[in-house]
There are 2 protein chains.
Amino acid sequence: MARTKEFNEDQALDKAIEIFWHKGYNGTSAQDLVNHLGLSRSSLYDTFGDKQKLFVKSLQRYQQQNQDSLKELLENAENIKIALTEIFKQAVVESLQDRITKGCFMVNSSVELAMHDPEIAKIVHNNQKTVEDIFCLSIKKGQELGQISDKQEARSLARFIFNNYSGIRVLARAGERDKQVYDDILKAIFSLF
Amino acid sequence: MARTKEFNEDQALDKAIEIFWHKGYNGTSAQDLVNHLGLSRSSLYDTFGDKQKLFVKSLQRYQQQNQDSLKELLENAENIKIALTEIFKQAVVESLQDRITKGCFMVNSSVELAMHDPEIAKIVHNNQKTVEDIFCLSIKKGQELGQISDKQEARSLARFIFNNYSGIRVLARAGERDKQVYDDILKAIFSLF
DNA sequence: TAAAAAACGGAACAATCGTTCCTGAATTAG
DNA sequence: CTAATTCAGGAACGATTGTTCCGTTTTTTA
């Protein structure tokens with residue numbers, strides 16, 4: 001009876017992620033969304049409700065994507081320590097090649113919105129806990145395998161890793177383009193493992 | 001001949017820092033500024049030009065205040081390593097007692113604006129360089145005094161410290177209130193020194 | 001073919017945005 | 001006292017904000 005949906009909702013969400021990530025929530029106007037998603041105003045509002053709902057969906061999708069790839073990367077790793085360094089090196093590569101420096105969508109949203117929007121705060125906290133747990137489990141495994149020093153508790157190391165990941169993403173968002181700066185930080189971080 | 005200025009410009013700037021810090025640039029309206037600074041719309045615009053100029057002046061003042069106190073703290077320290085841990089412990093205390101979690105005004109501004117406002121980007125980069133240098137000099141001194149391990153280069157450690165400071169401020173901004181989380185991070189950081 | 005739904009384009013909404021301008025009162029120094 | 005300047009208050013500016021609504025076209029399936 002009815003016409004079938006033409007655009008893929010997830011593809012639209014990926015577009016939304018891009019522009020929210022780049023410009024932030026307050027910096028992105030409804031017109032920006034229309035232009036970037038390639039949808040009409042009406043379709044956009046019919047499909048996603050309003051700007052805030054669209055943002056929340058975008059952030060949740062981003063979170064899921066990142067957690068999945070992180071999990072996969074660490075679970076399939078032969079050497080946990082090497083895998084962790086690879087994750088950071090990858091973040092550095094992205095930061096350097098990013099012509100429009102976007103940083104991390106989750107970090108950006110934390111800073112901009114967590115404080116004023118309880119729904120965003122919930123997502124941020126959930127992300128923090130989940131990522132921390134992923135790190136912690138892997139580090140424990142690495143310690144059992146003798147790949148990572150067990151001088152420090154796994155939980156402490158996981159939180160430490162998470163903290164430095166945030167820091168690096170802020171650095172990238174601030175526009176740092178000197179590879180040496182990142183390399184210095186990475187050197188210090190992984191001298192601990 | 002003329003009436004003298006009644007309000008102190010620096011006091012007004014301190015008020016501006018407060019609200020910009022709390023709400024961000026885009027989140028702070030002209031009306032917010034009028035209410036919080038206690039100035040009339042006209043006085044505000046006569047004195048500071050426009051919103052962007054006021055923001056820049058606020059951020060510059062914040063930067064100066066922080067760099068001064070950081071410099072003083074480290075220069076007067078007997079033991080550099082202890083002084084560094086004190087700086088971080090202080091940041092944790094502030095993060096925990098901050099009922100409205102503000103994080104760090106400089107970090108917040110980096111994330112929100114550095115990418116879209118070249119003037120802010122300049123301030124952010126200048127701050128990064130300056131703070132890094134302050135850390136680096138002190139760490140060198142600490143290494144010469146045998147208070148800090150010289151296994152790592154001072155420059156690398158300075159950048160590492162800066163990175164973790166950013167991370168912690170993001171964590172605070174995101175609303176983290178569990179002291180154990182901060183303590184775990186600090187423990188890991190300073191096991192390196 | 002007819003009904004149902006999807007999508008578009010665009011007009012229109014009230015609200016808020018940053019900013020400018022004007023008036024009038026307050027205060028100062030000559 | 002007078003001229004100059006600083007404030008407050010508020011009206012008003014055009015622009016932009018997020019959002020709603022309507023009319024039309026397109027596509028689908030029963």
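The sequence lines fix the lettering, A, B, ..., with proteins before strands; numbering per chain opens at 1.
The aromatic ring centroids of A:Phe88 and A:Phe190 lie less than 6.0 Å from each other. Within the 6.0 Å centre-distance limit, the rings of A:Phe55 and A:Phe105 are counted as a close aromatic pair. Proximity of the aromatic rings of B:Tyr165 and B:Phe135 is defined here by a centroid distance below 6.0 angstrom, and this criterion is not met.
One atom, CD of A:Gln31, and another, P of C:dG9, lie 11 Å apart when rounded to the nearest Å. In this entry the distance linking CZ of B:Phe7 with P of D:dT5 reads 17 Å, nearest Å. One interatomic measurement links the two molecules: OH of B:Tyr45 to P of C:dC21, which rounds to 13 Å at whole-angstrom precision. In this structure, CG of B:Asp32 is placed 12 Å from C1' of C:dG18, rounded to the nearest angstrom. The distance from atom CZ of A:Phe48 to atom C1' of C:dA6 is 14 Å, rounded to the nearest whole Å.
The closest side-chain donor-acceptor pair between A:Tyr45 and A:Arg41, if any, does not fall under 3.5 angstrom. No side-chain N or O of B:Asp98 forms a donor-acceptor pair with one of B:Thr101 less than 3.5 Å apart. A:Ser29 and A:Asp32 are linked by a side-chain donor-acceptor pair at a separation below 3.5 angstrom, with hydrogens and angles left out of the test.
Of the residues in residues 51-58 of chain A, not one comes within less than 4.0 Å of DNA chain C through any heavy atom. Residues of residues 34-44 of chain B that place a heavy atom closer than 4.0 Å to DNA chain C, in numerical order, are B:Arg41, B:Ser42. Of the residues in residues 23-30 of chain B, those placing a heavy atom less than 4.0 Å from an atom of DNA chain C are B:Thr28, B:Ser29, B:Ala30, in numerical order.
A:Val111 and B:Phe20 sit in two unconnected hydrophobic clusters of ILVMFWY residues. Membership requires side-chain heavy atoms under 4.5 Å apart, directly or through other members. Connection of A:Phe193 to A:Leu70 is established within a shared hydrophobic cluster, with ILVMFWY side chains joined at heavy-atom distances below 4.5 Å, either directly or through further cluster members.
More than 12 heavy atoms of other residues, nucleotides or ligands sit less than 6.0 Å from atom NZ of A:Lys187.
A:Ile123 places a side-chain heavy atom less than 4.5 Å from the side chain of A:Gln63.
The salt bridge (charged side-chain N to carboxylate O under 4.0 Å, His left out) search around A:Glu75 returns none, not counting sequence neighbours.
Evaluation of the side chain to side chain donor-acceptor pair (under 3.5 Å) test over residues 154-164 of chain A, restricted to residues two or more places apart or in two chains, returns A:Glu132-A:Arg155, A:Glu132-A:Arg159, A:Asp133-A:Arg155, A:Arg159-B:Asp184, A:Asn163-B:Asn164, A:Asn164-B:Asn163, A:Asn164-B:Asn164.
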Exercise for review: Under 3.5 Å for both distances, Watson-Crick or G-U wobble, that's the pair rule; now give the dot-bracket for DNA chain C, with | marking pairs to another strand and [ ] for crossing ones.
Suggested key: ||||||||||||.||||.||||||||||||
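Within 4.0 Å (heavy atoms only), B:Asp46 reaches no atom of the nucleic acid at all.
Ion pair B:Arg169/B:Glu94 flagged as a salt bridge, since at least one NZ, NE, NH1 or NH2 atom sits closer than 4.0 Å to an Asp/Glu carboxylate oxygen.
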